[in-house]
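Worksheet for the structure shown next.
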Protein chains: 2
Amino acid sequence: MAGLRERTRRAVQAELAAVALELFTERGFDDVTVDDIARAAGVSKRSFFRYFPAKEDAVFDGVRLMGDDIAEQITGRPAGEPAWECLHAVLREWVARIDAGSRAALRVIESTPALRARFQQKREEARGRIAEALAERTGLDAFAVDLLTSAAATAIDCATREWLRTGGAEDERLKLVDTAFDRLRPTCAGS
Amino acid sequence: MAGLRERTRRAVQAELAAVALELFTERGFDDVTVDDIARAAGVSKRSFFRYFPAKEDAVFDGVRLMGDDIAEQITGRPAGEPAWECLHAVLREWVARIDAGSRAALRVIESTPALRARFQQKREEARGRIAEALAERTGLDAFAVDLLTSAAATAIDCATREWLRTGGAEDERLKLVDTAFDRLRPTCAGS
DNA sequence: GCCATACATGTCACTCGATGCCATAAGCGT
DNA sequence: ACGCTTATGGCATCGAGTGACATGTATGGC
């Protein structure tokens with residue numbers, strides 16, 4: 001079972017992330033020091049760094065770990081499904097499930113260049129894992145799954161940006177994702 | 001004409017960037033302090049930051065400013081050319097012209113996560129400017145040029161990764177770029 | 001050539017993120 | 001209750017980055 005140790009650790013970590021997110025939302029990422037967060041949560045600055053390797057990671061704690069989650073769903077899709085439809089279906093559902101907690105974190109990330117950069121980087125790692133899962137499922141070569149997963153990521157990005165440009169109505173979002181996936185479908189192999 | 005002031009400034013900046021690149025290549029980005037660079041170039045740490053806003057920027061100085069350069073070439077393409085072919089032609093040529101100086105800088109960037117993240121970010125800004133130029137030239141809407149330029153960036157990325165995976169022979173590179181552009185061509189609008 | 005001005009540089013001091021070390025307190029299994 | 005692991009706080013330190021101040025040096029007007 002989950003020992004007390006592990007549970008309290010999780011609780012403190014979540015508390016720190018929550019406090020941090022609140023302060024970041026209020027004053028902006030750069031205008032909040034680690035000391036501020038630690039004091040507000042009732043621990044020392046030193047302890048903060050025992051829960052998060054860096055200040056930035058307190059923000060990413062609130063965002064779903066996309067990689068393994070999605071890779072797992074990929075492997076669970078119906079056998080005959082073409083790769084592009086598979087990615088479309090899984091990612092479409094993933095977009096549909098962005099909870100309110102993640103929303104606040106994403107807003108902070110969006111408004112801080114340094115965080116945006118790191119976020120992209122983490123997403124790129126996730127894409128790598130997804131590409132692996134897709135390769136295993138479909139038997140396509142590395143180049144093909146790279147093209148497919150990269151195109152899928154691009155589709156989500158473009159859809160999101162267009163969504164923001166056009167106001168951001170909730171029911172428009174999935175339609176834009178569908179449109180982007182439709183227009184960006186890679187040709188030839190495994191389509 | 002270019003005053004003496006401006007010229008010496010440029011010279012010192014280039015010298016700092018060169019010294020920095022050398023040290024980074026030798027010992028890795030993280031194992032070189034700004035003090036090291038400054039001393040090696042014969043200036044104070046404070047002066048280093050008068051030439052570069054951050055340590056990272058000493059690396060990016062060696063890489064061509066892609067944005068405006070490419071955007072300019074976009075606007076100079078033959079009038080009737082479809083958007084995708086236009087991007088393909090301009091970026092193909094850009095890939096072909098990566099000089100040896102940039103090569104060293106790119107290697108340092110590639111081997112340092114923090115630099116990779118910032119590099120992606122700068123490239124995203126460049127993509128924005130290119131998208132603007134493309135919109136002006138073709139009259140396409142923001143969503144369409146976003147899809148096109150993002151897909152083009154994806155094509156370059158995938159081609160580069162495949163190129164690295166398969167050994168990195170110089171004459172293979174452009175062929176992979178062509179293949180990636182071929183497979184990732186967005187459908188419908190302005191193709 | 002002389003002088004006032006703008007600009008470049010160096011030094012010092014400081015903030016903040018991040019890490020190592022050590023002493024201490026709290027939990028854990030036996 | 002006894003050792004053992006683990007969490008914590010405090011302290012010192014490093015490195016990136018910034019602000020303030022003083023000094024030197026090129027520039028432009030006379």
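Protein chains get the first letters and strands the later ones, always in sequence-line order, with residue 1 at the start of each.
Rounding to the nearest 0.5 Å gives a distance of 12.0 Å between CD of B/Gln120 and CD of B/Glu125. For the atom pair CG of B/Asp36 and NZ of B/Lys55, the computed distance is 8.5 Å after rounding to the nearest 0.5 Å.
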Report each atom pair, protein N/O against N/O of nucleotides 11-13 of chain D, whose distance is under 3.5 angstrom.
none

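Rounding to whole angstrom units, CG of residue B/Asp31 and C1' of D/dA16 are separated by 15 Å. The CZ atom of A/Phe52 sits 16 Å away from the C1' atom of D/dA7 (whole-angstrom rounding). B/Arg7 places its CZ atom 14 Å from the C1' atom of D/dT27, with the value rounded to the nearest Å. B/Arg9 has its CZ atom 17 Å from the C1' atom of D/dT27, to the nearest Å. Between the CZ atom of B/Phe49 and the C1' atom of C/dT9 there is a distance of 15 Å, rounded to whole Å. Atom CZ of B/Arg39 and atom C1' of C/dT11 are 15 Å apart (whole Å). We find that CZ of B/Arg118 is positioned 14 Å from P of D/dA16, with the value rounded to whole Å. Computed from coordinates, the B/Asp30 CG to C/dA18 P distance equals 13 Å when rounded to whole Å.
Taking only side-chain atoms of B/Val12, from C-beta outward, the nucleotide of D/dA16, C/dT9, D/dG10 with the closest atom is C/dT9. Ranking C/dG17, C/dC21, D/dG17 by closeness to the A/Lys55 side chain, first place goes to C/dG17.
The phosphate of C/dG10 (OP1 or OP2) has a side-chain N or O of B/Ser47 nearer than 4.0 angstrom.
Pairs engaging residues 147-160 of chain B under the salt bridge (charged side-chain N to carboxylate O under 4.0 Å, His left out) rule: B/Arg123-B/Asp157 [sequence neighbours left out].
Secondary structure note: stems in DNA chain C built from 3 or more consecutive Watson-Crick or G-U wobble pairs under 3.5 Å occupy C:1-30 with D:1-30.
Between A/Arg103 and A/Glu170 there is a salt bridge, since a side-chain N of the basic residue sits under 4.0 Å from a carboxylate O of the acidic one. Salt-bridge check for A/Arg185 with A/Glu85: passed, with a basic side-chain N closer than 4.0 Å to an acidic carboxylate O.
In this structure the side chain of B/Arg50 never reaches within 4.5 angstrom of the side chain of B/Val43, judged on heavy atoms.
By the 30° and 60° cut-offs, the orientation of the rings of B/Trp84 relative to B/Phe181 is tilted. Note on ring orientation: taking the six-membered ring where Trp is involved, the planes of A/Phe119 and A/Phe60 are parallel (angle under 30°, cut-offs 30° and 60°).
A donor-acceptor pair shorter than 3.5 Å cannot be found between the side chains of A/Asp182 and A/Thr179.
Each of A/Val34 and B/Val43 lies near DNA chain C, and the nucleotide nearest B/Val43 is the one positioned closer to the 5' end.
Note on B/Tyr51: only backbone sugar-phosphate atoms sit closer than 4.0 angstrom, heavy atoms only; bases stay farther off.
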